[in-house]
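Heavy atoms only: backbone and side chains are in, while hydrogens, waters and symmetry mates are out.
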Amino acid sequence: MSNYKIQSNWDGSLYNDKHAFVWQHGEDLLRLLNPKLGEYILDLGCGTGQLTEKIAIAGAEILGIDAAPSMIETAKANYPQLRFQVGDARNFQVDKPCDAIFSNATLHWIKEADAVIACISQALKPGGRFVAEFGYRRNIDAIAQALETSLAKIGIPEPQTRNPWYFPSLGEYVSKLEQQGFDVTYANTFPRPTFLTDGEAGLRNWIRMFANSFLIDLSAQQQAEVISLVEAELKPKLYHQGTWIADYWRIRIFAVKL
């Protein structure tokens with residue numbers, strides 16, 4: 001899956017410093033997880049480890065997995081007392097069955113959702129819970145459409161094939177979980193307009209961090225041209241009082257392995 005591999009080439013330090021909103025918005029999801037003393041919990045797509053550490057503070061034994069080596073290096077530097085390892089959400093192993101698997105802002109990067117769910121299932125105890133939040137079908141619609149339109153304007157063929165994301169409907173994802181033996185006890189979608197840092201540079205920084213697959217093989221001049229076109233198209237919609245606001249929509253899931 002080439003796009004997933006491209007996007008796993010993260011800059012962990014930049015993510016840690018400039019895009020903290022990703023884990024900060026995930027703090028609310030921890031209440032749904034409700035980690036307990038002595039539980040063994042996997043943080044799948046742990047990033048730079050901030051939420052992993054909060055789960056550990058609750059008294060759980062925690063393992064953080066991420067596909068990006070730079071993320072894991074930063075997580076280990078941030079929290080040397082915790083366990084982190086590089087791993088692919090489509091094909092990972094745990095040393096013992098988990099009481100819970102937690103995932104924030106990760107699963108929309110992996111188009112092979114069935115393989116991910118199968119891997120989560122094999123890692124959980126019967127009765128174990130899966131708690132996740134990720135992008136819904138309407139997530140960043142305006143940004144994705146502007147990127148594709150801007151690439152087409154400069155003559156890049158089939159710009160839609162550069163899209164790295166998997167944004168399912170709620171019914172689609174719940175059905176996939178049920179087909180693999182999960183009881184979905186809570187499922188919801190909601191808008192979450194997200195303020196981007198760095199003022200006028202906020203959108204271009206977001207694109208370079210999270211939408212790199214649209215630009216990866218373009219020249220520096222072409223990249224700058226695409227970003228300028230995207231900014232011009234979206235400024236009337238997403239730029240307010242000196243701040244870019246990304247059009248995020250989320251899915252939130254609580255499921256139990258039967």
Side-chain angles (χ1 to χ4, degrees), residues 1-27 29-30 33 35 39-58 60-96 98-113 115-124 128-135 139 164-167 206 208-213 216 248 250-253:
M1 181 177 153
S2 59
N3 281 334
Y4 179 60
K5 292 177 182 176
I6 289 169
Q7 285 298 147
S8 70
N9 186 25
W10 297 97
D11 182 332
S13 297
L14 179 62
Y15 178 92
N16 199 45
D17 294 341
K18 296 292 187 181
H19 302 284
F21 67 84
V22 176
W23 68 262
Q24 287 167 351
H25 280 290
E27 288 189 90
L29 189 63
L30 293 175
L33 175 66
E39 287 189 319
Y40 183 43
I41 297 177
L42 173 69
D43 184 359
L44 185 60
C46 62
T48 49
Q50 286 82 3
L51 296 180
T52 320
E53 191 239 3
K54 291 182 182 297
I55 294 169
I57 288 172
E61 179 186 355
I62 185 73
L63 170 65
I65 289 179
D66 201 282
S70 177
M71 291 289 200
I72 293 298
E73 288 171 13
T74 304
K76 287 180 175 179
N78 286 343
Y79 309 105
Q81 76 280 17
L82 301 181
R83 292 174 60 214
F84 296 97
Q85 65 187 44
V86 176
D88 186 331
R90 301 163 298 181
N91 183 27
F92 67 88
Q93 301 289 327
V94 291
D95 50 2
K96 58 183 177 180
C98 299
D99 295 288
I101 293 179
F102 173 86
S103 184
N104 177 61
T106 295
L107 301 182
H108 51 245
W109 291 105
I110 311 168
K111 294 185 176 181
E112 298 96 333
V116 174
I117 293 168
C119 212
I120 289 168
S121 179
Q122 63 83 26
L124 279 172
R129 60 201 190 278
F130 170 48
V131 177
E133 184 179 309
F134 55 100
N139 195 55
W165 301 300
Y166 167 68
F167 296 142
W206 185 97
R208 292 192 181 279
M209 185 73 192
F210 297 107
N212 187 47
S213 65
I216 193 74
Y248 277 38
R250 314 310 272 176
I251 282 179
R252 187 170 283 186
I253 293 284

Show, in sequence, the C-alpha distance, side-chain angles and deciding distance for Glu133 and Ile251, and conclude whether the side-chain contact (heavy atoms from CB on, under 4.5 Å) test is met.
CA-CA 5 Å; Glu133 184 179 309; Ile251 282 179; over 6 Å; no
Test log, rule side-chain contact (heavy atoms from CB on, under 4.5 Å), inputs Asn139 and Arg250
CA-CA 7 Å; Asn139 195 55; Arg250 314 310 272 176; 3.4 Å; yes
Is there a side-chain contact (heavy atoms from CB on, under 4.5 Å) between Gln81 and Lys76? Walk through the geometry before answering.
CA-CA 8 Å; Gln81 76 280 17; Lys76 287 180 175 179; over 6 Å; no
Going through the distances and angles, do Val131 and Ile253 end up as a side-chain contact (heavy atoms from CB on, under 4.5 Å)?
CA-CA 6 Å; Val131 177; Ile253 293 284; over 6 Å; no
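Side-chain contact of Thr52 with Gln50: a donor-acceptor pair under 3.5 Å is absent, judged by distance alone.
Closest approach of Ala100 to Leu33, counting heavy atoms only: CB-CD1, 3.8 Å. Nearest heavy atoms, Ala67 versus Val86: O-CG1, 3.9 Å. Across Ile41 and Ala60, no two heavy atoms sit closer than the pair CD1-CB, 3.8 Å. Nearest heavy-atom pair across Cys46 and Gly64 is SG-C, 3.6 Å.
With rounding to the nearest 0.5 Å, the separation of CG in Leu42 from CD in Glu61 is 11.5 Å.
Take Ala77 and apply the side-chain contact (heavy atoms from CB on, under 4.5 Å) test, not counting sequence neighbours, and it matches no residue. With sequence neighbours left out, Glu39 forms a salt bridge (charged side-chain N to carboxylate O under 4.0 Å, His left out) with Arg129. Scanning for side-chain contact (heavy atoms from CB on, under 4.5 Å) contacts around Ala75 gives Phe84, with sequence neighbours left out. Scanning for side-chain hydrogen bond (donor to acceptor under 3.5 Å, both in side chains) contacts around Ser103 gives an empty result, with sequence neighbours left out. For Tyr40, the side-chain hydrogen bond (donor to acceptor under 3.5 Å, both in side chains) partners at least two apart in sequence or on another chain are Asp95. Residues passing the ring-ring contact (aromatic ring centres under 6.0 Å, His included) test with Phe130: none are found, sequence neighbours excluded.
A donor-acceptor pair under 3.5 Å links the side-chain atoms of Gln122 to the main chain of Phe92, judged by distance alone. Side chain of Asp66 to main chain of Thr48: no donor-acceptor pair is present (N/O by atom type, distance under 3.5 Å, no hydrogens or angles). Side chain of Ser121 to main chain of Ile117: no donor-acceptor pair is present (N/O by atom type, distance under 3.5 Å, no hydrogens or angles).
In this structure, His108 has its ring center no closer than 6.0 Å to that of Tyr166.
Using cut-offs of 30° and 60° for the angle between ring planes, the Trp206 and Phe210 rings count as tilted.
Between Leu44 and Phe102, the closest side-chain pair of non-hydrogen atoms is not below 4.5 Å. Taking the side chain as every heavy atom from C-beta outward, Asn78 and Thr74 approach each other to under 4.5 Å. Residues Gln85 and Ile72 are not in side-chain contact: their nearest non-hydrogen atoms beyond the backbone lie 4.5 Å or more apart. A heavy-atom distance below 4.5 Å is not found between the side chains of Arg90 and Lys111. Proximity of Asp43 to Ile62: side-chain heavy atoms (C-beta onward) are separated by under 4.5 Å at one or more points. Using a 4.5 Å cut-off on side-chain heavy atoms (C-beta onward), Ile57 and Ile55 make no contact.
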